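Below, all heavy atoms of this structure are taken into account, side chains as well, without hydrogens, waters or symmetry copies. This is a predicted model, so every value here is computed, not measured. Just follow the structure's listing: the first ligand is 1, and inside any ligand the first atom is 1.
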Amino acid sequence: MKIAVVSYSYTDNNDKLAACVAQALSVEHKKITTQKPMTMGKLILDMIFNRIPKVNPAPKALDSYDLVLFFAPVWMGHIASPLRPYLRTIKSSSKAYGFLSISGGADGGNPKLLAELLKRTGAKPSILLDQHIKDFIDQNTDPTRKDTSEHKISEAEASMLSTTAVKEINKLNIHV
Ligand SMILES: Cc1cc2nc3c(=O)[nH]c(=O)nc-3n(C[C@H](O)[C@H](O)[C@H](O)COP(=O)(O)O)c2cc1C
């Protein structure tokens with residue numbers, strides 16, 4: 001089975017995690033970039049108005065893969081907007097896909113992710129794994145959204161998150 005790891009990051013956490021997972025699975029890692037630089041203002045407008053930014057590589061770059069494992073942050077309870085063009089392509093191709101994220105988790109998880117994936121792709125993900133930065137911050141401090149959003153995961157944290165992700169991916173019983 002031909003697998004691609006495809007990641008988008010605004011502050012590097014998901015790219016870092018995706019790189020670890022791609023290395024562990026020995027599969028190709030493609031990084032998504034937006035054609036116009038992402039800013040906090042654009043990010044918020046994308047989420048409010050459900051905008052779809054233009055991205056590189058073009059979604060058809062995923063045509064030759066059997067399974068695409070997407071990594072991206074969660075913003076305002078939703079999957080980061082740069083993933084939208086790819087999720088739309090999944091819908092038209094019926095390709096197997098997964099969504100994995102290292103998000104903040106300060107607001108008690110992101111309960112709407114599955115519904116959003118179903119809406120955007122028309123199909124259940126093979127894997128959905130939302131891990132949280134909150135778990136890396138001293139639990140006695142009750143981290144706020146600001147604390148989690150400012151946290152950049154270390155190599156050691158990326159490696160721990162990757163081990164959990166790879167365990168879940170291996171449960172799919174896929175052969176790379
Ligand atoms: C504008 C904004 C909104 C966010 N909203 C959420 C949220 O709803 N839920 C959550 O768990 N994390 C949220 N986060 C935190 C990010 O998901 C987290 O910092 C993530 O690790 C960033 O990934 P990246 O470094 O790959 O961009 C938000 C961050 C930003 C900047």
Side-chain angles (χ1 to χ4, degrees), residues 4-25 27-57 62 68-87 97-120 125 127-139 141-166 168-169:
V5 161
V6 177
S7 66
Y8 172 78
S9 260
Y10 183 57
T11 56
D12 205 38
N13 291 337
N14 282 277
D15 277 351
K16 215 181 223 176
L17 169 59
C20 283
V21 171
Q23 194 180 23
L25 297 177
V27 301
E28 197 175 336
H29 176 199
K30 292 180 191 291
K31 286 190 194 179
I32 299 169
T33 55
T34 48
Q35 291 184 5
K36 291 188 181 155
M38 185 58 77
T39 62
M40 190 57 75
K42 277 191 197 164
L43 176 169
I44 290 169
L45 290 175
D46 279 4
M47 302 325 282
I48 294 175
F49 296 111
N50 196 21
R51 300 193 311 194
I52 302 188
K54 291 206 166 66
V55 290
N56 290 320
L62 307 183
V68 182
L69 298 172
F70 292 109
F71 291 73
V74 176
W75 291 337
M76 299 164 69
H78 296 276
I79 297 161
S81 55
L83 233 57
R84 291 174 181 164
Y86 301 93
L87 296 176
Y97 76 100
F99 176 71
L100 301 96
S101 181
I102 173 66
S103 68
D107 298 323
N110 299 298
K112 294 181 181 162
L113 295 179
L114 180 59
E116 181 175 0
L117 289 168
L118 289 171
K119 192 180 98 190
R120 292 193 186 278
I127 179 167
L128 169 56
L129 180 65
D130 180 26
Q131 300 190 79
H132 296 146
I133 285 171
K134 180 176 185 263
D135 299 334
F136 290 126
I137 299 179
D138 182 358
Q139 293 307 300
T141 63
D142 197 11
T144 61
R145 193 184 290 185
K146 183 170 179 292
D147 297 327
T148 56
S149 295
E150 285 174 355
H151 185 86
K152 293 234 181 180
I153 58 169
S154 65
E155 293 302 329
E157 288 167 346
S159 167
M160 264 192 278
L161 294 162
S162 167
T163 302
T164 303
V166 169
E168 291 302 311
I169 294 163

Please indicate whether Arg51 has more than 12 foreign heavy atoms, meaning atoms of other residues, nucleotides or ligands, lying under 6.0 Å from its CZ. yes
Check: Ser103 N/O within less than 3.5 Å of ligand 1 N/O: yes
If we set the cut-off at 4.0 Å for heavy atoms, which region of Ile44 has an atom near ligand 1: side chain, backbone, both, or neither? neither
Within the 4.0 Å heavy-atom cut-off, what Asn13 brings close to ligand 1 is both
Does any N/O atom on Asp107 come nearer than 3.5 Å to any N/O atom on ligand 1? no
Just by modelled atom types, is the Ile79 backbone N or O under 3.5 Å from a matching donor or acceptor in the Glu116 side chain? yes
Examine Asn14 against ligand 1 and note whether any of their N/O atoms are separated by less than 3.5 Å. yes
Does any N or O atom in Met40 lie less than 3.5 angstrom from one in ligand 1, N or O only? no
Please report whether ligand 1 has a polar contact with Ala106, defined as an N or O pair separated by less than 3.5 Å (distance criterion only). no
Could you walk me through whether Ser9 and Asp12 pass the side-chain hydrogen bond (donor to acceptor under 3.5 Å, both in side chains) test, one step at a time? CA-CA 5 Å; Ser9 260; Asp12 205 38; 5.1 Å; no
Shortest non-hydrogen contact between Phe99 and Leu117, atoms and distance: CB-CD1, 3.8 Å
Indicate yes or no: does an N/O atom of Ile133 lie under 3.5 Å from an N/O atom of ligand 1? no
